[in-house]
Number of protein chains: 2
Amino acid sequence: MDNNKPDRRVRKTKAILRKTLTKLLMEKDLKDISVLELTDAADINRGTFYLHYKDIYDLFEQIEQETLEDFLNIIVRYKQLDSPVWTAVMLDLFKYISANADIFIAVLNTKESNFLTDVIEISRPKTKQEWHKLFSTGKEEYYEYYYDFFTFGCIALVRSWFMKGMPESCEQMAELIEKLMLSCISGLK
Amino acid sequence: MDNNKPDRRVRKTKAILRKTLTKLLMEKDLKDISVLELTDAADINRGTFYLHYKDIYDLFEQIEQETLEDFLNIIVRYKQLDSPVWTAVMLDLFKYISANADIFIAVLNTKESNFLTDVIEISRPKTKQEWHKLFSTGKEEYYEYYYDFFTFGCIALVRSWFMKGMPESCEQMAELIEKLMLSCISGLK
DNA sequence: ACCAGAAATCAACTGCATGTCTATTATCTG
DNA sequence: CAGATAATAGACATGCAGTTGATTTCTGGT
């Protein structure tokens, strides 16, 4: 029987390490966390850590990667529709973020994180395509700039919302972003 | 005589270390550069490094700090005028950036950098004030979000421009940013 | 319930960068 | 030139990183 599911012990160990790292990341930056500190806090043998990860950055990247995949799955779900509704996608994303707040606090606060830039680069081609449909008369040579401007702006928005303790609802945030996108895109015309 | 200017030897050593670090940062990330590697490349005794800096992050932060001060000086120059011209400030900043390209490549690529967020937080109060003057009817509770969106967007723009090898002129970039600010701000109304 | 395989633990070891210190040499400032 | 100060060379203790081998514990399949 091809049981591709990993051993329960492995799942447990990895889960504990991931959880412990996100907890530690609330207090200090990744660069200041040693493997020993992590495994002590997780009550896991230090050697066991190296059974699964190259170093502490490797572990962090795997956490990022997992979150990224969840994120992309949400987006993909909508991409299959004929006319993806922007606000609906954003709403789902905001819901996912608030449901996984602990991970996102860690990811958004960790300087070494690649999560945000990864999201940006992955969604770039599709988004450019969408924008192109909407504004076929635009200056194409500036598309990249508008895209970078907009996406980083969104990230900042989310981060800011997050750090304030998410006072606005997911719906409000999704609306706000849609509004900003429209006014930003209108510059392309 | 209270000569507060540091010894020539100190100035030389610090300059070499700063220069060498920015050079190394073009190849690899800060976290992967050891003191030994730096001092070897700089042909400086390792002990000498510790005479001036706590660790390699300390050195990097001092480089950031210096650049930040230059940056703020440019902005301050305009803030004293009655009606600061946005495009003119941006133009000067773009010129400063392109003149100090080597440092900015290092700063923009270094994940541990605080430079950008520092610039943002320092200019936040003034900018909010300016925007308030322009759009007194806006929804004040959303100002923070608009500000974060806009400033991070600008940063992304600059980074993108930079990474492409600065194909557009400083003038074009300053114009582009002004345009984006206007369409972004118009959402506040 | 049992067994074979795999994972976790423990202890030990090497290697490397860090940070500190001292004695010595080189350089600067007035 | 002379006193002060910075830079160097070399050595040292320390701590974490990674790896290894022997041992114990747990797990999934039969």
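First the proteins, then the strands, lettered A, B, ... as listed; each starts at 1.
Ring geometry for A:F162 against A:F104 counts as tilted: the plane angle lies between 30° and 60°, on a 0 to 90° scale.
A heavy atom lying under 4.0 Å from DNA chain D marks the following residues of residues 19-42 of chain A, by number: A:S34, A:V35, A:L36. Heavy-atom distances under 4.0 Å link DNA chain D to B:L51, B:H52 of residues 49-57 of chain B, given in residue order.
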Residue pair A:L51, A:T13: steps toward the side-chain contact (heavy atoms from CB on, under 4.5 Å) verdict: CA-CA 10 Å; A:L51 248 39; A:T13 310; over 6 Å; no
A:F94 and A:Q172: CA distance, side-chain angles, deciding distance, side-chain contact (heavy atoms from CB on, under 4.5 Å) verdict: CA-CA 10 Å; A:F94 273 107; A:Q172 280 176 299; over 6 Å; no
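Side-chain contact check for B:L30 versus B:I56: some heavy-atom pair is nearer than 4.5 Å.
Computed from coordinates, the B:L17 CG to D:dA6 P distance equals 15 Å when rounded to whole Å. Rounded to whole angstrom, the span from the NZ atom of A:K14 across to the C1' atom of C:dA8 amounts to 15 Å. Rounding to whole angstrom units, CZ of residue B:R46 and P of D:dG10 are separated by 13 Å.
Between B:L36 and B:R46, the shortest heavy-atom distance links the atoms CD1-CD, 3.8 Å. Across every non-hydrogen atom of B:F115 and B:V107, the tightest pair is CB-CG1, 3.5 Å. Closest of all the heavy-atom pairs between A:M90 and A:A174 is CB-CB, 3.9 Å.
Under the 4.0 Å criterion applied to side-chain N and carboxylate O atoms, B:D7 and B:R9 are assigned as salt-bridge partners.
With hydrogens and angles ignored, the 3.5 Å screen pairs no side-chain donor or acceptor of B:Y143 with any backbone N or O of B:Q129. With hydrogens and angles disregarded, no donor-acceptor distance shorter than 3.5 Å links the side chain of B:Y147 to the backbone of B:K128.
Listed by first then second residue, pairs satisfying side-chain hydrogen bond (donor to acceptor under 3.5 Å, both in side chains) with a partner in residues 153-163 of chain B read A:D148-B:S160, not counting sequence neighbours. The side-chain hydrogen bond (donor to acceptor under 3.5 Å, both in side chains) contacts involving residues 51-71 of chain B comprise B:R18-B:E66, B:E64-B:S113, B:D70-B:Y96, where partners must be two or more places apart or lie in separate chains.
B:T48 has no side-chain polar atom (N or O) that falls below the 4.0 Å cut-off from OP1 or OP2 of D:dA6. Within the 4.0 Å cut-off from OP1 or OP2 of D:dA9, at least one side-chain nitrogen or oxygen of B:N45 is found.
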Could you run down the sub-3.5 Å N/O contacts of the protein with nucleotides 26-28 of chain C?
| unit_1 | atom_1 | unit_2 | atom_2 | d |
| --- | --- | --- | --- | --- |
| C:dT27 | O2 | B:R9 | NH1 | 2.8 |
| C:dC28 | OP1 | B:R8 | NH1 | 3.3 |

Could you go through nucleotides 1-4 of chain C and list every protein N or O atom that sits under 3.5 Å from one of its N or O atoms, giving the distance for each pair?
none

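Put simply, B:L157 and B:I75 are part of the same group of oily side chains (I, L, V, M, F, W, Y) that touch within less than 4.5 Å, one to the next.
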